[in-house]
J.: 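Got a structure here, written out as structure tokens. Questions coming.
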Amino acid sequence: MNTSFQNTFENMEAGELRRYLEFLLWHYKVADAFWFIYATERFGQGVAEHLNEQVWGRVGGMAAKELVARFQIQEKGLKGFVRALRLYPWTILIGYQSRNQRAKWWLTVPSCPSQEARLKRGLGEYACQEMHRAEFGKFCPGH
């Protein structure tokens with residue numbers, strides 16, 4: 001029996017690829033959530049938040065570079081950032097909303113599944129601002 005999975009996507013039709021992409025995004029979110037929960041249980045809230053900030057600072061920049069390369073994003077600065085952000089998995093999962101108003105650009109998070117899940121389980125909110133600051137600080141294409 002051949003255990004090579006390299007041809008898996010080549011044999012999928014468009015509907016199957018979409019369903020698989022939905023699964024990958026769901027799995028991505030679930031893996032992140034459980035990583036944070038278990039890091040908190042093992043090392044405490046402060047250490048978990050610090051590790052989360054380091055991880056997302058790193059993967060935010062990696063994601064931006066990969067999106068720029070794969071989708072040939074030529075724009076620099078804010079235009080490139082917004083174009084890449086539209087393709088970012090967390091934008092799709094969370095539904096980030098952006099708007100430009102009075103020479104400022106706003107990123108809004110209408111709801112956060114991670115915070116909602118924590119509250120539902122009685123865990124309380126966690127401080128995510130520094131994690132997002134690190135993530136988006138490294139995300140901007142051309143920097």
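Sequential numbering from 1 along the given sequence is applied to the chain's residues. Values in this document were obtained by computation on a predicted structure and should not be read as measured data.
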J.: How about M12: does its CE atom have over 12 heavy atoms from other parts shown lying under 6.0 Å from it?
T.: yes

J.: Is the count of non-hydrogen atoms from other residues, nucleotides or ligands lying under 6.0 Å from Q101 atom CD greater than 12?
T.: yes

J.: Would you sort out whether Q45 and F36 count as a side-chain contact (heavy atoms from CB on, under 4.5 Å), showing the intermediate values?
T.: CA-CA 9 Å; Q45 187 76 20; F36 189 80; 3.9 Å; yes

J.: Nearest 0.5 angstrom please: N52 CG to T40 OG1, how far?
T.: 8.0 Å

J.: How many angstroms lie between atom CD of E135 and atom OH of Y88, to the nearest 0.5 angstrom?
T.: 3.5 Å

J.: Considering non-hydrogen atoms only, spot the tightest contact between F139 and G60 and give its length.
T.: CD1-O, 3.2 Å

J.: Quick check for you: to the nearest 0.5 Å, what is the distance between R118 atom CZ and L123 atom CG?
T.: 5.0 Å

J.: Membership question, hydrophobic clusters at under 4.5 Å side-chain separation (ILVMFWY): are L119 and Y126 in the same one?
T.: no

J.: Could you go step by step and tell me if Q54 and L51 meet the side-chain contact (heavy atoms from CB on, under 4.5 Å) rule?
T.: CA-CA 5 Å; Q54 288 183 303; L51 291 170; 3.8 Å; yes

J.: Do R70 side-chain atoms and E66 backbone N/O form a donor-acceptor pair below 3.5 Å?
T.: no

J.: Specify the closest pair of heavy atoms between Q72 and R83, including all atoms of both residues, with the distance to one decimal.
T.: O-NH1, 3.9 Å

J.: Is atom CZ of F23 surrounded by more than 12 heavy atoms (other residues, nucleotides or ligands) closer than 6.0 Å?
T.: yes

J.: Does any part of the side chain of R86, heavy atoms only, come nearer than 4.5 Å to the side chain of V82, both counted from C-beta?
T.: yes

J.: Using side chain to side chain contact (heavy atoms under 4.5 Å, CB included) as the criterion, list what pairs up with A134, not counting sequence neighbours.
T.: E53

J.: CD1/I92 to CG/L21 distance, rounded to the nearest 0.5 angstrom?
T.: 7.0 Å

J.: Tell me the closest heavy-atom pair linking I94 and V109, and the distance in Å.
T.: CG2-CG1, 3.5 Å

J.: Would you compute the distance between atom CG of L107 and atom NE2 of H132 and round it to the nearest 0.5 angstrom?
T.: 8.5 Å

J.: Would you give the length of the straight line joining atom CD of E125 to atom CD of E116, rounded to the nearest 0.5 angstrom?
T.: 10.0 Å

J.: Please list all pairs meeting ring pair (Phe, Tyr, Trp, His ring centres under 6.0 Å) that have one or both residues in residues 91-117, counting only residues at least two apart or in different chains.
T.: F81-W105, Y96-F136

J.: Which heavy atom of I73 sits nearest to which heavy atom of L67, and what is that distance?
T.: CD1-O, 4.0 Å

J.: Quick check: closest heavy atoms across P89 and Y28, and the distance to 0.1 Å?
T.: CB-CE2, 3.5 Å

J.: Tell me which pairs pass side chain to side chain donor-acceptor pair (under 3.5 Å) where either residue lies in residues 16-26, with sequence neighbours left out.
T.: none

J.: Taking W35 as the starting point, is it possible to reach M62 by hopping between hydrophobic residues whose side chains are less than 4.5 Å apart?
T.: no

